[in-house]
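Here is how names work: the chains are called A, B, and so on, in the same order as the sequence lines, proteins then strands, and each is numbered from 1.
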Protein chains: 2
Amino acid sequence: MILNFELYPGSRVTEGDMAAQFGVSRTPIRSAMQRLEAEGYLTVKPKQGCFVRPLDIDELAGYYQVRIALEMLSLELACTFMTDAQLKDLCEAWDPMFQKGRTTNAEKMEARDESFHMAIAAGGGNAAVAKYLQDIHHKIRPIRRLDFTEGARIDCTYEEHYQIAQHLLKRDLPAAQATMRAHIQRSEQFAKGLTLIQLAQKAGRKKFGK
Amino acid sequence: MILNFELYPGSRVTEGDMAAQFGVSRTPIRSAMQRLEAEGYLTVKPKQGCFVRPLDIDELAGYYQVRIALEMLSLELACTFMTDAQLKDLCEAWDPMFQKGRTTNAEKMEARDESFHMAIAAGGGNAAVAKYLQDIHHKIRPIRRLDFTEGARIDCTYEEHYQIAQHLLKRDLPAAQATMRAHIQRSEQFAKGLTLIQLAQKAGRKKFGK
DNA sequence: TTATACATCGTTGTATACAACGTAGTGTTT
DNA sequence: AAACACTACGTTGTATACAACGATGTATAA
């Protein structure tokens, strides 16, 4: 959605303005806003207006905790139900030797990373796990994207994904879980650092007006 | 919502009918339907109609798996962050010796049970855990209610909740987790059995028309 | 100068009318 | 008799007008 970038947290968004901006009536805008409210991106106060919810870093840490718990379950199911063929495909897709599929585009890389985690979740056969993991990925997307702005982190991601897939192929659940946990925590720590820098910059810009 | 009982899965629900039934216009009905669709209770096919989604038992098993994973995390956080005072309150509320707060009403009991699990989730300080657990509780509510139609299960629930709270108070995380896991699985097994019976009865009724 | 009452404005919530589209039923043709 | 085309109906999607209500600014009184 558009609110990932140019909308400041806390700012007001009225249905009328959005309708004029998109050239449609208030009805579909209203519908979209209700969906965004349900997803937690903005809160609508009756008869007052809609406000975009600021994302605070503690809340995101909470999502990462839940993510780890779900990824552990996801791996457990995948280790039981995914076929060797599926896991071999996964290994090949993330083999660090294959420089082909590599991309330096942060957005593309983030989509590829998400597809890795969702493939494991889907392979486990539990739709609820996949659903909640997808939801969390959406929630932490603005931060995760920062994770792939550095080439080193991309290399790391390839290596770790490959290891996880290999562990699964060998049906070594504890190793897969340990690697996944470390993978997620590393990514979180790195992204958290970059987010703090961005927040500081934003605060600086705000001081100088606009 | 009303779909918990008298609406057959797969049946069609039109906005116009609902609007007439509730005596309001289509607009708020439409809004509510979009919310229900987002929550997964019904699917709306463009230009065709809305259909209530049947709940299949495998899907519910998936939710129970996720629930266990989240409750384990919830306990871990609660064991770290909840105060002795909070835990003592919890113990008292579920002390089997106190026959006072007891209720035989399945709906009331289900609300009380939910409040126990949500209190632990809230006590851990992770809003995301609480949010997803709440969501799962809503999803499995139609089954869980069946769990409290028998007095024996109510006794069991009091006993198990009390033990969990006691373990937390003693800061014995593994014991609390083990008891919680058994508690949830027992509840699931029992409710699953009753659900199958209900489904069989419903199928039987359907055969005889109406 | 400060506090209070009031009026105006802007916003969301709701109702209603119309447009777009899919489905089912019917009539015709082969 | 069967298959196909067309028409009519019902449904959701959208636009617009109005109602309800909170907030803000202003004028008046103490």
Contact list (N/O, under 3.5 angstrom) for nucleotides 21-24 of chain C vs protein:
| from | atom 1 | to | atom 2 | distance (Å) |
| --- | --- | --- | --- | --- |
| C/dT23 | OP1 | B/Q48 | NE2 | 3.4 |

Does one side chain, of A/Q189 or A/Q185, offer a donor that lies under 3.5 Å from an acceptor on the other?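 No, no side-chain donor-acceptor pair sits under 3.5 Å.
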Between B/E76 and B/Q177, is any side-chain donor less than 3.5 angstrom from a side-chain acceptor?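 Note: B/E76 and B/Q177 side chains miss the donor-acceptor criterion.
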Lys/Arg-Asp/Glu bridge criterion (N-O < 4.0 Å) met for [X], [Y]:
X      : Y      : result
B/K139 : B/E59  : no
A/E92  : A/K88  : no
B/K131 : B/D135 : no

With side chains defined as the heavy atoms from C-beta onward, is the minimum distance between A/E188 and A/Y63 less than 4.5 Å?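 The answer is no; the side chains never approach within 4.5 Å.
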Residue pair A/M82 / A/L77, side-chain heavy-atom distance below 4.5 Å: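 No, too far: nothing below the 4.5 Å cut-off.
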Would you say B/R30 reaches D/dT12's phosphate, i.e. side-chain N/O to OP1/OP2 under 4.0 Å?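 No.
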Apply side chain to side chain contact (heavy atoms under 4.5 Å, CB included) to the pair B/F116 and B/T157, showing each step before the final yes or no. CA-CA 11 Å; B/F116 171 79; B/T157 298; over 6 Å; no
Base of D/dG13 paired with side chain of B/R26 (donor-acceptor, under 3.5 Å): yes
Restricting to side-chain contact (heavy atoms from CB on, under 4.5 Å), what partner residues turn up for A/A130, sequence neighbours left out?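 Expected list: A/M118, A/A121.
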Once you round it to whole Å, what is the distance between [atom2] of [N] and [atom1] of [X]?
X     : N      : atom1 : atom2 : value
B/E15 : D/dT14 : CD    : C1'   : 12 Å
A/R12 : C/dT12 : CZ    : C1'   : 11 Å
A/F22 : D/dG13 : CZ    : P     : 19 Å
A/I29 : C/dT11 : CD1   : P     : 14 Å
B/Q34 : D/dT12 : CD    : C1'   : 11 Å
B/K45 : D/dG13 : NZ    : P     : 13 Å

Identify whether any heavy atom of A/T27 sits under 4.0 Å from a base atom; if not, whether one sits that close to sugar-phosphate; answer base, sugar-phosphate or nothing.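 Contact class for A/T27: base.
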Axis-to-axis angle across the helix from C/dT1-D/dA30 to C/dT30-D/dA1, five pairs an end, to 10 degrees? 0°
